[in-house]
J.: 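Below is one structure. I have some questions about it.
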Amino acid sequence: MRVVVRGGEVVGPDGPARADVGVEDGRIVIVGPDLEAPGDARVVDASGCWVGPGLVDLHTHLREPGHEEAETIESGARAAARGGYSAVVAMPNTEPALDTAAMVAFVQARGRDARVEVAVAGAITQGRRGELLAPMAEMAALGVRLFTDDGRGVQDPLVLRRAMEYARGLGVRVAEHCEDDRLAADGVMHEGALSGRLGLVGRPALAEELMVARDVELVRLTGCALHVMHLSSARALAIVTAARAEGLPVTCEVTPHHLTLDETAVEGYDPLFKVYPPLRPRADVEALTAGLAGGAIDAVATDHAPHAPETKDRTFDEAPPGMLGLEHAAALTLEALGGGDEAAAAFFALLSRRPARIAGLDRADARSGLGAHGGALVAGEDANLVVFDPRRHWRASRDELASRARNTPYHGRALTGRARALLVAGRVVLDGEELT
Amino acid sequence: MSVESIRGRSLLGLEDLSREAVLEVLDTAETFVEVHSREVKKVPALRGRVVASLFYEESTRTRLSFETAAKRLSADVLSLAVASSSVKKGESLRDTIATIDALGIDAVVMRHAASGAAQAVSRYVPHVRVINAGDGLHQHPTQGLLDAFTLRQVLAERAGLDGPASGSSLFEGLNVLIVGDIRHSRVARSDVAVYTTLGATVRLAAPGTLLPPGVESWPVEVVGDLDEALGLADVVCLLRLQRERGSGTFVPGLAEFTRTHGLTIERYARLKSTAFVMHPGPMIRGVEIDSAVADAPNALVERQVANGVPVRMAVLYLTVAGLGREAV
């Protein structure tokens, strides 16, 4: 055995049990109590920690190619590793967009040198312009399982219908940033009494809800699997919940920021809190929090959106939307779940097992070269696992980030829970909270 | 949390000001009115102080009024012509402010198309007094203050009272009706704040598309029947359609807006004989206000402009001189 993860609570799908984990040649070879470590084995201390499947982020903006001043695949992967993620799904809204096999292959190649596994989401349409379908079959042949024009949704219902019919034939999933551009217009925050008072143009929740409703009806028509990204409104969650009750193949994610911040955060006009969909009123936050515990929400995904400092130094109207997520998401999710050991199974379901299934990362794929993530922590699985200390108290700081960017809205916030160690394909990439 | 005095502080909006803070500005402005009638229209109150004027949006009356006010207080005025400055080369607001700050300024008077821009500047240079001269759709506090000042002045004259001695009593029970493009108006937001703080009842009339989101949470009544509301009003404040902010697409056309919400001769006839008509300017005659109404004796438009100077003198004096008791 090359690595022994010792002394933790192994969190299987049904909850934690005290066990050690032995890893060799990239795989879990044994899970059991009090494993002997051979002399040459590396011992990872997991005492007081949960040992679970490495986290999987469905929604990461790595910015490469095009905006390497904000993040690179390498720096984003380091941020992911510090956050406890063994795999991230890279969004295609780079410059140029990831809308061809060549672009996908570029990111995959860079990803192989990164600390965590990088899956690629391909664009639905060429240049993400929402007009002509991108060569989805060619990208799928490289192992792309998720397609999205994220940054914006596909506005034209005919184009999305064609995309869904095409995607269904390929057995891949369509993921949507649900906001109607016309209704969201020039809005920069949630539309309501607060936007009226602050004199900021609002993006109504309706812009999200109408698009979720439209997309659900297109799922009914086409049978294509749909993933609703960064769902933020109570009404949108109700629409998704109703669709699932009918058996439609619809999943959804929420972000840590929509669970832990509300619209009042923008009162000081600080662009760090500008994000699309916008931060919502408290009632929406509470509905999402309830959905998290109740199982209505499949996954927590970061929408990690690095921006160079000078771009966030503009006025609220002018600054680009988006905030960092990878390094604080796990603690914030634990906070939204109420913390404690009883949250362990839900924590790994929301941050690893279900997102891995949605991204098609629950099985190894020779085409992409990616291993299996979100496993049950049993012998034979690829060794993608995290050692997470759910009682670790720390403070978020913009000065202690692995990301190249600094646009976290959580600077100074007290957090509980932190990744202590991480194994990716059997390799220890984080130990003692430090990158190795 | 309400601000009891603007002395030594920035003035970013009127929502947080207490009645006392507003009255202090109005009363201070009264003392500066007299300066205007002097042969030498200058007092030494801000001698040696530097006030920067930074207008990212075009403006005639506000900029001239502020710069005149600063000069009458003997302040040195640094006026940045944004259109021909490094801003046009892509310099950020933060860097522009840092550059001006490096020259040594006490206050910056700032107008910007983005709501919250004045707040941003007050974060960048916390030691400088920031006076918001209009930020996007958010606030235009000196306009609100000069509107209240003008109204108290004419009400006091009519009642034969001394303005400062009357305090806020002339606003008690006063019916203020604000008509027009409320949604895109920073003046409306400042006016609502100052009038309600002083004890007036404020009503709003606008096409449904030009009411701000969440107006039901404002301390106002939204009226459906403009003609009926006109009959109740002691003062009518008109606002232009802000077509540069896209309001042209919020109504079917200017002619229809005039028909539904313009202060036409016919509507003017519904006003009480004692009512006043106000407009913060610029007026679009023939759209929100008939030309004859704009020139009527009870229209206070020019008086509003004239009062801009003493009110802005008061704001500069209080915010910059702060707690010091410099000679006036």
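Hydrogens, waters and symmetry mates are skipped; everything else that's a heavy atom, side chains included, is used. The chains referred to below are lettered A, B, ... by the order of the sequence lines, with proteins before strands, and numbering in each begins at 1. Remember, it's a predicted structure, so these values are computed and weren't measured experimentally.
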J.: Among the options B:Arg186, B:Gln119, B:His138, B:Arg183, pick out the one with the most heavy-atom pairs lying under 4.5 Å from chain A.
T.: B:His138
J.: Other residues, nucleotides and ligands only: do more than 12 of their heavy atoms fall within 6.0 Å of CG on A:Asp186?
T.: no
J.: Please assess A:Phe316 against B:Ser115 for the test side chain to side chain contact (heavy atoms under 4.5 Å, CB included), listing each intermediate value before the final yes or no.
T.: CA-CA 8 Å; A:Phe316 200 88; B:Ser115 299; over 6 Å; no
J.: Side chain, backbone, both or neither: which part of B:Ala193 has an atom under 4.5 Å from a heavy atom of chain A?
T.: neither
J.: Are there more than 12 heavy atoms of other residues, nucleotides or ligands under 6.0 Å from atom CZ of A:Arg182?
T.: no
J.: Tell me which of these, B:Ala114, B:Ser217, B:Ser185, has more heavy-atom pairs under 4.5 Å with chain A than the rest.
T.: B:Ala114
J.: Heavy-atom cut-off 4.5 Å, strictly under: side chain, backbone, both or neither for B:Arg123 against chain A?
T.: side chain
J.: Walk me through whether A:Thr315 and B:His112 qualify under side chain to side chain contact (heavy atoms under 4.5 Å, CB included).
T.: CA-CA 10 Å; A:Thr315 62; B:His112 200 286; 3.7 Å; yes
J.: Apply side chain to side chain contact (heavy atoms under 4.5 Å, CB included) to A:Val201 and B:Leu137, showing your working.
T.: CA-CA 9 Å; A:Val201 179; B:Leu137 317 182; 4.2 Å; yes
J.: So does A:Glu310 pair up with B:Arg94, basic N to acidic O under 4.0 Å?
T.: no
J.: Counting distance only, does the side-chain N/O of A:Arg197 pair as donor-acceptor with the main-chain N or O of B:Gly214 below 3.5 Å?
T.: no
J.: Contact part of B:Glu15 toward chain A, heavy-atom cut-off under 4.5 Å: side chain, backbone, both or neither?
T.: side chain
J.: How close do B:Arg189 and A:Gly196 get, counting heavy atoms only, and between which atoms?
T.: NE-O, 2.6 Å
J.: Under 4.5 Å from any heavy atom of chain A, what part of B:Ala120 do you find: side chain, backbone, both or neither?
T.: neither
J.: Under a 4.5 Å heavy-atom cut-off, does chain B meet the side chain of A:Pro204, its backbone, both or neither?
T.: neither
J.: Check whether more than 12 heavy atoms from other residues, nucleotides or ligands sit under 6.0 Å from atom CZ of A:Arg406, and answer yes or no.
T.: yes
J.: Crowded around B:Glu91 CD? As in, over 12 foreign heavy atoms under 6.0 Å?
T.: yes
